[in-house]
Amino acid sequence: MPELPEVESVRRQLDPELSGRTVTDAWWDPIPTMPREFHQMGLLVGRKIHSVGRRGKFLIAPLDEGLELIMHLGMTGAFRFDHDDAWVRSRLWLDDGRTLAFRDARRFGRMAVVEAGDYSALPTLSSLGPEPLQDDFRLDGFIRDLARTTAAIKPYLLSQRPVAGVGNIYADEALWMARIHPLSRRVGSGRAAALHAAIREVLAAAIEREGTTFRDYQMVNGESGRNASFLVAYGQAGRPCPRCGTLLRKTVLGGRGTTYCPGCQRP
DNA sequence: CACGCCTCCTGTGCGC
DNA sequence: TGCGCACAGGAGGCGT
């Protein structure tokens, strides 16, 4: 469930620890679960990490020699220093004597080394929408994207194309806030503007609280995010809508659990 | 091209 | 008590 706020919280802890460090050795799970998993990881050895950045849910660390290390937490991925247990799938040895362990019980996470800017091995990253909290998330472009698509609004948000970093939790939260039914295929400019603002507000508030922890998500220092108790829609099925009192309903949309208010979220 | 469905994976919690 | 099973959802792949 790491979405943009969780990945950003991890990035903020990882960046000062890794910037300037050189990777002296690397190990990764020899049994891949998908093609191109741990793509070109051998190229890491001897490389210096300049910084740790982020695009959507992807961590992107520029290296020397024109390379980049891409990291994705998947469902249960977490980074910890000098840590060992049965779920460690990759480990980097650093020139300060520490090791960075990538722990990933459900094995949906991935790491890859690529030529800087060449994301052809990572299709979602190569067609990723704008950063929601940056100026390039333009309202006019968002309105145009929503007018053009024929898909239902929630799966469209989850595709990462209209905007980067929104996953199942924050999609439910933002759609509730903007009063839009997750199955809606007609989101005009007024509602698109409300959704644009809601996405920014929901994500910014979650970053302030360092993300949503139910069970697996932890930051590099082992602490949990504090956003879970602030969720209004996700996981709240059966409770009254705080806005109109109608009982929130859970359904399945595109294979994802989806909670919404049938009273005030309009198709 | 883009939509929508299926698959990958395993710890957890529930019902019987 | 123990077993079996549905469920959780990131991205990728592929059929239509």
Side-chain angles (χ1 to χ4, degrees), chain A residues 1-11 28-39 54-60 70-79 85-90 102-112 114 119-129 132 144-175 182-187 203 206 211-218 224-225 227-228 231 233-238 250-260:
Chain A
M1 309 169 204
E3 305 179 28
L4 187 148
E6 292 73 35
V7 178
E8 175 60 18
S9 301
V10 169
R11 189 202 68 77
W28 59 95
D29 190 339
I31 307 168
T33 59
M34 52 182 93
R36 297 198 294 274
E37 195 179 28
F38 299 113
H39 179 72
R54 180 189 57 73
R55 273 287 280 134
K57 305 171 197 172
F58 293 85
L59 291 167
I60 302 182
I70 313 292
M71 297 164 278
H72 197 291
L73 300 176
M75 281 286 297
T76 55
F79 287 101
D85 64 33
W87 294 279
V88 171
R89 300 190 65 215
S90 176
F102 178 56
R103 185 180 185 271
D104 183 22
R106 247 170 271 184
R107 310 179 81 207
F108 279 7
R110 53 194 338 204
M111 299 172 77
V114 300
Y119 304 136
S120 49
L122 301 129
T124 300
L125 179 56
S126 63
S127 59
L128 194 62
R144 216 175 311 124
D145 287 344
L146 296 197
R148 248 197 280 267
T149 187
T150 61
I153 184 64
K154 182 176 174 185
Y156 187 54
L157 289 177
L158 296 184
S159 76
Q160 307 301 300
R161 282 181 286 119
V163 61
V166 176
N168 205 40
I169 296 171
Y170 301 110
D172 278 5
E173 294 296 298
L175 289 168
L183 270 176
S184 178
R185 290 172 196 270
R186 290 174 196 194
V187 179
L203 295 179
T212 300
T213 297
F214 297 122
R215 188 179 49 239
D216 296 301
Y217 161 67
Q218 287 188 335
S224 294
N227 195 59
L231 296 177
Y234 181 91
Q236 309 301 311
K250 180 168 180 182
T251 182
V252 177
L253 214 175
R256 303 291 170 253
T258 297
T259 306
Y260 67 102

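In the text below, chain A, chain B and the rest are named by the order of the sequence lines, each starting its count at 1.
Distance A:L128 CG to C:dG12 C1': 15 Å, rounded to the nearest Å. Between the CZ atom of A:R103 and the C1' atom of B:dG11 there is a distance of 11 Å, rounded to whole Å. Rounded to whole angstrom, the span from the CG atom of A:L158 across to the C1' atom of B:dC5 amounts to 14 Å. Remark: P of B:dG11 and CZ of A:R107 are 10 Å apart, rounded to the nearest angstrom. To the nearest angstrom, C1' of C:dC14 lies 16 Å from CE of A:M34. If you measure from atom CE of A:M75 to atom P of C:dA8, you get 10 Å, rounded to the nearest angstrom. Summarising the geometry, the separation between CD1 on A:I31 and P on B:dT10 is reported as 10 Å, rounded to the nearest angstrom.
Each of A:P32 and A:R161 was assigned the nucleotide of DNA chain B with the nearest heavy atom; the assignment lying further toward the 5' end belongs to A:R161. Comparing A:Y234 and A:T124 by the nucleotide of DNA chain C whose heavy atom lies nearest to each, the residue mapping closer to the 5' end is A:Y234. Two residues, A:R106 and A:R215, neighbour DNA chain B, and the one matched to the more 5' nucleotide by heavy-atom proximity is A:R106.
At B:dT10, none of the side-chain N or O atoms of A:W87 fall inside 4.0 Å of OP1 or OP2 (strictly under the cut-off). Distances shorter than 4.0 Å separate none of the side-chain N or O atoms of A:R110 from OP1 or OP2 on C:dG10. When the side-chain nitrogen and oxygen atoms of A:H72 are compared with OP1 and OP2 of C:dG10, none of them lie within a distance under 4.0 Å. Put simply, A:K250 has a side-chain N or O that comes within less than 4.0 Å of OP1 or OP2 on C:dA8. Distances shorter than 4.0 Å separate none of the side-chain N or O atoms of A:T76 from OP1 or OP2 on B:dC9. Between A:R36 and C:dG13 there is a side-chain N or O to OP1 or OP2 distance below 4.0 Å. An OP1 or OP2 oxygen of B:dG4 is reached within less than 4.0 angstrom by a side-chain nitrogen or oxygen of A:R185.
Side-chain atoms of A:T251 and A:Y260 include no donor-acceptor pair closer than 3.5 Å.
Of the candidate nucleotides C:dG12, B:dC3, C:dG10, B:dC3 has the atom nearest to the side chain of A:Y156. Considering only side-chain atoms of A:A151, the nucleotide from B:dG4, C:dG12, C:dG10 that sits closest is B:dG4. If you check C:dG10, B:dG4, B:dC3 against the side chain of A:N168, the one that comes closest is C:dG10. Each of B:dG4, B:dC9, C:dA11 was ranked by its minimum atom distance to the side chain of A:Q160; first place goes to C:dA11.
Judged by distance alone with a 3.5 Å cut-off, a donor-acceptor contact links the side chain of A:R256 to the base of C:dG10.
Nucleic acid contact for A:L73: none, since no nucleic acid atom lies under 4.0 Å from a heavy atom of the residue. Among the heavy atoms of the strands lying under 4.0 Å from A:G257 are primed sugar atoms or P, OP1, OP2 only; no base atom is included. A:G254 comes within 4.0 angstrom of no nucleic acid atom, judged by non-hydrogen atoms across all strands.
Panel note: side chain A:E6, backbone A:Y217; no donor-acceptor pair is recorded below 3.5 Å.
Taking the charged nitrogens against the carboxylate oxygens, A:D85 and A:R103 do have a contact shorter than 4.0 Å, which makes a salt bridge. Taking a cutoff of 4.0 Å between a charged side-chain nitrogen and a carboxylate oxygen, A:D172 and A:K154 qualify as a salt bridge.
One distance of note links CD1 of A:I60 with NE2 of A:H72; it measures 10.5 Å at 0.5 Å rounding.
The residue from A:L175, A:T212, A:L4 that alone fulfils the side-chain contact (heavy atoms from CB on, under 4.5 Å) condition with A:Y170 is A:T212.
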